[in-house]
Amino acid sequence: MLLAIDIGNTQTVFGLETDGKWTTWRLQTDHHATEDEMAAQLRALFDLSGLDFRADAAICASVVPPMNNSVQRLCSKWLGLDCLFLKHDSRLGLDVTYQPPTAVGADRLANALGALERFKPPIIVVDFGTATTFDAIDSSGTYIGGAILPGVMVSTEALVGHTAKLPQIEFKTPDRVIGRTTIESLQSGIVLGYAGAIDSLARRMTAELSGAKVISTGGLGSMFLGICETIESHEPNLTLEGLAIAWTRLNEAHSKS
C-alpha cells in the first residue's frame, strides 16, 4: 500500500493505493500543523474509510516547503516510513526543457508522469488548484512548459474582497450568460468567463503543439469539464497516479545504482 501526498497551497490530498485503487482524503494545508495533529486527522479518516492506519511506503509532492518536515515526521513517527519527496532532479525518466528546471513544481512533474501513462502525447494538463496550471508535453513526451492562471477561487475572493457590494457566490453554471441578478451576473462572469480563459489558453497551446489532448485534474476540474469546450476528460487522481509512477521509477533507479 502506497501513501501518496500532494501538498498544495490550499489543500493537501492524501491518497492510499491498494491493489491499483485509490482512497483519497483532503485536508486544509496548514504549515503550523504538527505531525501529531495531522496523524490524528488522518487516522480518523482511515477509520471512517474502514482502513487500518498503515502503509508500506510514502511519497510526497510539495509546493509548501514549511510542511515538509512535519510530513516527514508524520510518516516516520506514526507509520514507520521514510517519506520520499519528489524533486526537480529526481531520476524519473522524464525530459524537462523548462528553464530553469528547478522552477517546475513537483506536482506538475507528477501530472506529466500520470498523463503520459494514460495518454499518447502531445498532452495538455489543466490542474485546477490555488492557481490553475497548464502543463504542456510535446509529441516526444518532453515536458516543455505551460502557463499559470490565478485560480478561480483566488480570483473570486480578490474581487469580492475589493468591492463593497458584491456577495460571495455558489460556484455553478448559470442557465444563461446575461445575468438577471447580481448573483447570476457574477456566476456568468466568473464561471463562464473563466471557462473562456481556459479554452483560449488551451487552444493557443494546442496550436503551438500542432494538436494535443487536453485533460484536467484538481478540485474544480470536474465542474469545468462540462463547460470548457477544450477539456476532453477529467482525471481526479492524476497527481497521485503520477506520484505512484515516480515512486516505482525512483526505487528502480536506486536499486540499479
query = Between T132 and V152, does a side-chain contact (heavy atoms from CB on, under 4.5 Å) hold up when you go through it step by step?
reply = CA-CA 8 Å; T132 296; V152 63; 5.8 Å; no
[X] side, atom [atom1]; [Y] side, atom [atom2] - distance, nearest 0.5 Å:
{"X": "I183", "Y": "S188", "atom1": "CD1", "atom2": "OG", "value": "13.0 Å"}
{"X": "F53", "Y": "R43", "atom1": "CZ", "atom2": "CZ", "value": "7.0 Å"}
{"X": "T23", "Y": "M1", "atom1": "OG1", "atom2": "CE", "value": "10.0 Å"}
{"X": "I245", "Y": "L86", "atom1": "CD1", "atom2": "CG", "value": "11.5 Å"}
{"X": "L250", "Y": "K87", "atom1": "CG", "atom2": "NZ", "value": "11.0 Å"}
{"X": "F85", "Y": "C75", "atom1": "CZ", "atom2": "SG", "value": "7.0 Å"}

Looking at [Y], is its backbone amide N or carbonyl O close enough to the side chain of [X] to form a donor-acceptor pair, meaning the two atoms are under 3.5 Å apart?
{"X": "E232", "Y": "V214", "answer": "yes"}
{"X": "E184", "Y": "R180", "answer": "yes"}
{"X": "S62", "Y": "V64", "answer": "yes"}
{"X": "N237", "Y": "L240", "answer": "no"}
{"X": "S200", "Y": "G196", "answer": "no"}
{"X": "E37", "Y": "T34", "answer": "yes"}
{"X": "T29", "Y": "T12", "answer": "yes"}

message = Taking the basic N atoms (NZ, or NE/NH1/NH2) and the acidic carboxylate oxygens, is any pair closer than 4.0 Å for D56 and R54?
response =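 Yes, this pair counts.
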ask   = Can L74 and F14 be said to form a side-chain contact (heavy atoms from CB on, under 4.5 Å), step by step?
value = CA-CA 12 Å; L74 161 71; F14 292 85; 4.1 Å; yes
Can you see which heavy atom on [X] is nearest to which on [Y], and at what distance?
{"X": "A244", "Y": "W22", "result": "CB-CZ2, 4.0 Å"}
{"X": "I59", "Y": "L243", "result": "CD1-O, 3.5 Å"}
{"X": "A115", "Y": "I137", "result": "CB-CD1, 4.2 Å"}
{"X": "T217", "Y": "P236", "result": "OG1-O, 3.6 Å"}
{"X": "L42", "Y": "W25", "result": "CD1-CE3, 4.3 Å"}
{"X": "R108", "Y": "V104", "result": "CB-CG1, 4.1 Å"}

Count I, L, V, M, F, W, Y as connected when their side-chain heavy atoms are under 4.5 Å apart, and connections chain through other members. Are [X] and [Y] then in the same cluster?
{"X": "W247", "Y": "L3", "result": "no"}
{"X": "F128", "Y": "M205", "result": "yes"}
{"X": "V96", "Y": "I123", "result": "yes"}

Testing the 3.5 Å rule here: is there a donor-acceptor pair between the side chains of [X] and [Y]?
{"X": "S222", "Y": "H234", "value": "no"}
{"X": "T10", "Y": "T130", "value": "yes"}
{"X": "E235", "Y": "S233", "value": "yes"}

request  = Not counting sequence neighbours, which residues clear salt bridge (Lys or Arg N to Asp or Glu O under 4.0 Å) with R73? List them please.
outcome  =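 Result, salt bridge (Lys or Arg N to Asp or Glu O under 4.0 Å) vs R73: E35.
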task = State which residues pass salt bridge (Lys or Arg N to Asp or Glu O under 4.0 Å) with D36; sequence neighbours excluded, sorted by chain then number.
result =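 If we apply the salt bridge (Lys or Arg N to Asp or Glu O under 4.0 Å) test to D36, skipping adjacent residues, the hits are K77.
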inquiry  = Pair Y143, D135 - check side-chain hydrogen bond (donor to acceptor under 3.5 Å, both in side chains), show working.
reply    = CA-CA 7 Å; Y143 183 98; D135 300 312; 2.8 Å; yes
inquiry  = Pair F134, I148 - check side-chain contact (heavy atoms from CB on, under 4.5 Å), show working.
reply    = CA-CA 6 Å; F134 292 70; I148 302 173; over 6 Å; no
message = Walk me through whether T230 and D199 qualify under side-chain hydrogen bond (donor to acceptor under 3.5 Å, both in side chains).
response = CA-CA 6 Å; T230 54; D199 282 335; 2.7 Å; yes
